[in-house]
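Notes follow the structure.
Every chain is numbered from 1 and lettered A, B, ... according to where its sequence line falls, protein lines coming before strand lines.
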Amino acid sequence: MPAHDEIQIEFFGVARHRTQVASAVIPVGPEGLSVPQLWNVLSERFPLLLAGLDATMEPAVLYSLNLDGQRFLDRQPATILPGQTVLVLSADAGG
Amino acid sequence: VDVSHGQATWEDLPAQVLRQFLGGTGLGVYLLLREKQAVANPLAENGGLAFTFSSLVGSPLTTSAKFAVVCKSPLTDRYNDSLVSSTFAIAGKRTGADAIYITGRAAELSVLVVDDGRVRVEPCPDLRGLSTSATQEALVRRLGSDFQTAVIGPAGEAQVRFATISHDGRHAGRGGTGAVLGARNLKAIAVRGSQRVPWADPEGLYEYAKWLSQQSLGPATSKYRELGTVANLLAFNRLKTLPTRNFRRGSFSGAEQISPEAMQQDAGKRRTSCAACTIGCEHQYALAGDPADPKTYVRLEYENLFALGSLCSIDDPQTVLRACQFCDEAGIDTISAGGTIAFAMECVERGWLDAPWLRFGDSDAMLRALSLIAARDGLGDLLADGSRRLSHHIGANSASIAAHVKGLELPGYEPRGAQTMALGFAVGARGADHNRSGAYEADFSNQVDRRHATRASVTHAIDAEDRAALIDSLVFCKFLRGVFVDLFAAAAQMLQLVTGWDISGSETREISERIVATKKYFNMLAGWTPAEDTLPARFFDTPLEDDPDARISRSEFASLIRHYNRQRGWTEEGYLTTELIASLGFSLRDDTGDCG
């Protein structure tokens, strides 16, 4: 469980391949982060994460975000609160 | 081609048929109906199978080097098709054929040779028992390297009901196409040709093909290029949708050990692609031994990994690789093999089957079971008939835990945790399948609640099925699907550039709906009943051990199936009306053949 002042990030598939880590922790204030804010933080810390995306492309082309293994966040306004866990998954589940 | 008599006839297909059914699986189901295969035994002499191409094959469009093998399945006794990629498709199209339909039974083990317009049946008793790769190598030596071959392994010869047809390390995997070719007493089909079909707008086609290739190298296909389908394993494990221990759990304690991330650290890895493909999704992992020897590399896909790994609780990566390699060489569908073995393992655990050596997590047992299946030896003779027939043999309450739909073992999406996919499984014409319905895409998005299907899920399931029917009939690779904003319009544009047809996105959507309905019609003739469009009892009666909130209500599910049928314009039970059948160009009276 992440602490009350941080968000836990778990990377899977392409995201783990590019970041070379399975997880990361992001310190946040009580207001949490919006999805675009989260992407800004992650792409600063892991520059290869959004490689290949031009300015017109949303991260959702590459990744889906899931909150606590329960709910998908892609393409909708959402706030991620401290104590929550975000899974960064490949957008395409095919196989 | 009637291989009983070594006779071949060439026939022009009506232009209207090619426009209504395109090619690939669409043209295949049309041909099967015309040949009255719905009421035939696919393993009998009058059984048959079609190798079908399409107008896009041989074009510069990336991933279009694909062909379909279409037959009545000896595993499900229902409609079946399976797709394969690479050079066989291009060479087959250059013979001048849109499709090659094969029936009869050769007097001895033979290879069917289609050499431009000439057809012959060559006995090849010396190839008996050879693996798929050894057969291909032998045929190159015998016929020359300009022939392309589709072959069966020992499992196809033994008519294992989930035997594959293989080409260049790729497989028409599902539903037992290899058994149907084996029942023709054919070890292989070899094709060579020099004919080319002119394109209506070559300049426009090259321009479009260039754009498509660029898109294929973009973010929509990153997963396939960077990791391949095996990237699903740890993600599904985290979401508790990774089928484990014969679908009792949605997560596997050994998932990290068999993950691609762990395997590539422990051993070598390389990447390759089909002919005429710019994606390059095939990731191969090295078996323990000499990584410099190309034969030690085994292609690994998510479906192999789940079926021969978590489903049977195998956490040793080398065992999974060896099992994959064995299936590839023997010509066995990995999903049905793993599904049937996992089912048998649980039956042993419950005391319903006397095979104490066959235990979950036992690597030696997994490899032994596969070997017995390929040879139809001992218990393998029962396993080779698939989980549904095995459950009939075992009796007790075993049918409730045999994870199949219409006899086809489930792929690697836990239905209770991916309930839109569960709908796709239940209604699928070829049975439980992730390639004929990509409904999981809705489950792994914010469009639906994946643990609670609603009528919105039905809409997604229908859309996914229609898209797959179109892609599989055009034919190109589904891994490209993410690059199209409007698949139906893009399909129309590709067809227009190649054929010159004045065709729209609304017509390609109609075509896909027609193909889905025609597959259903085939099944109706083959004896389909509404009771088949469901899931095994396990998925209704028992929540996942590790995700108790993932439950499916039997009555709600049945209600959604009825909604699916209504949305399709079929009767509530799922039958096509006489008017709809007539609109497809068929007639109940004519298509049942001798059975009336």
Side-chain angles (χ1 to χ4, degrees), chain A residues 1-2 8-24 34-35 38-39 43 46 48-80 84-95, chain B residues 217-241 250-251 256 259-261 264 281 301-306 411-413 417-418 421 434-435 438-451 477-483 547 549:
Chain A
M1 283 286 288
Q8 172 93 16
I9 309 293
E10 295 180 24
F11 297 105
F12 295 91
V14 171
R16 188 182 295 193
H17 183 65
R18 290 184 176 189
T19 60
Q20 294 292 302
V21 296
S23 62
S34 67
V35 170
L38 175 70
W39 282 121
S43 59
F46 303 103
L48 289 179
L49 188 63
L50 300 182
L53 293 186
D54 65 32
T56 64
M57 293 174 175
E58 301 259 345
V61 178
L62 261 177
Y63 302 113
S64 293
L65 298 180
N66 183 286
L67 200 59
D68 296 325
Q70 302 294 316
R71 185 166 66 89
F72 281 87
L73 297 176
D74 47 310
R75 295 194 181 95
Q76 75 175 22
T79 301
I80 304 149
Q84 292 188 309
T85 298
V86 176
L87 317 184
V88 184
L89 307 156
S90 297
D92 188 330
Chain B
L217 299 171
T221 60
S222 287
K223 174 180 132 179
Y224 301 109
R225 292 196 311 274
E226 294 181 29
L227 281 171
T229 57
V230 286
N232 287 352
L233 186 88
L234 291 180
F236 285 16
N237 190 56
R238 180 65 172 83
L239 295 171
K240 298 187 171 64
T241 54
S251 60
E256 287 283 350
S259 70
E261 290 85 348
Q264 69 186 38
C281 71
E301 300 291 345
Y302 167 67
E303 294 297 334
N304 307 355
L305 193 51
F306 113 88
Y413 299 81
M421 187 70 258
H434 64 296
N435 276 321
Y440 53 77
E441 287 184 326
D443 287 317
F444 298 119
S445 75
N446 62 358
Q447 296 173 309
V448 298
D449 176 352
R450 65 186 174 89
R451 289 197 191 87
C477 180
K478 291 198 181 71
F479 293 169
L480 264 186
R481 67 194 184 283
V483 310
D547 189 5
D549 291 339

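B:Leu234 touches chain A through backbone and side chain together, each having a heavy atom under 4.5 Å away. If you measure heavy-atom distances from A:Asn66 to chain B, the contacts under 4.5 Å come from the side chain alone. Interface remark: B:Arg451 contributes side-chain atoms only to the contact with chain A (heavy atom separation under 4.5 Å). Heavy atoms closer than 4.5 Å to chain A are found nowhere in B:Phe306, neither backbone nor side chain. Interface remark: B:Glu226 contributes backbone and side-chain atoms alike to the contact with chain A (heavy atom separation under 4.5 Å).
Taking B:Arg481, B:Arg450, B:Lys240, B:His434 one by one and counting their heavy-atom pairs under 4.5 Å with chain A, the maximum is reached by B:Arg481. The greatest number of non-hydrogen atom pairs below 4.5 Å with chain A, out of B:Arg238, B:Glu441, B:Arg225, B:Glu303, is found for B:Arg238. Considering only heavy-atom pairs separated by less than 4.5 Å from chain A, the leading option among B:Thr229, B:Leu227, B:Thr221 is B:Leu227.
When all heavy atoms of B:Ala220 and B:Val483 are compared, the pair lying nearest together is CB-CG1, 3.9 Å. Of all the heavy atoms in B:Cys281 and B:Phe479, the pair that sits closest is SG-CE1, 3.6 Å.
Side chains of B:Tyr413 and B:Asp443: no donor on one and acceptor on the other come within 3.5 Å. With no hydrogens or angles considered, no side-chain donor-acceptor pair links A:Ser90 and A:Asp92 at under 3.5 Å.
Of the possible donor and acceptor atoms, none in the side chain of A:Ser43 sits under 3.5 Å from a partner among the backbone N and O of A:Leu50. A donor-acceptor pair under 3.5 Å is formed between the side chain of A:Asp68 and the backbone N or O of A:Thr85. With B:Asn232 contributing its side chain and A:Ala93 its backbone, the two residues share a donor-acceptor pair below 3.5 Å. Between the side chain of B:Lys478 and the backbone N or O of B:Asn435, at least one donor-acceptor pair lies under 3.5 Å.
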- Query: Given the rule in the ring pair (Phe, Tyr, Trp, His ring centres under 6.0 Å) test, do A:Phe12 and A:Tyr63 qualify, once you have shown the distances and angles that lead to the verdict?
  - Reply: CA-CA 10 Å; A:Phe12 295 91; A:Tyr63 302 113; over 10 Å; no
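The shortest distance between side-chain heavy atoms of B:Leu239 and A:Phe72 falls below 4.5 Å.
The contact list for residues 16-24 of chain A toward chain B, using heavy atoms and a distance under 4.5 Å, reads A:Arg16, A:His17, A:Arg18 by residue number.
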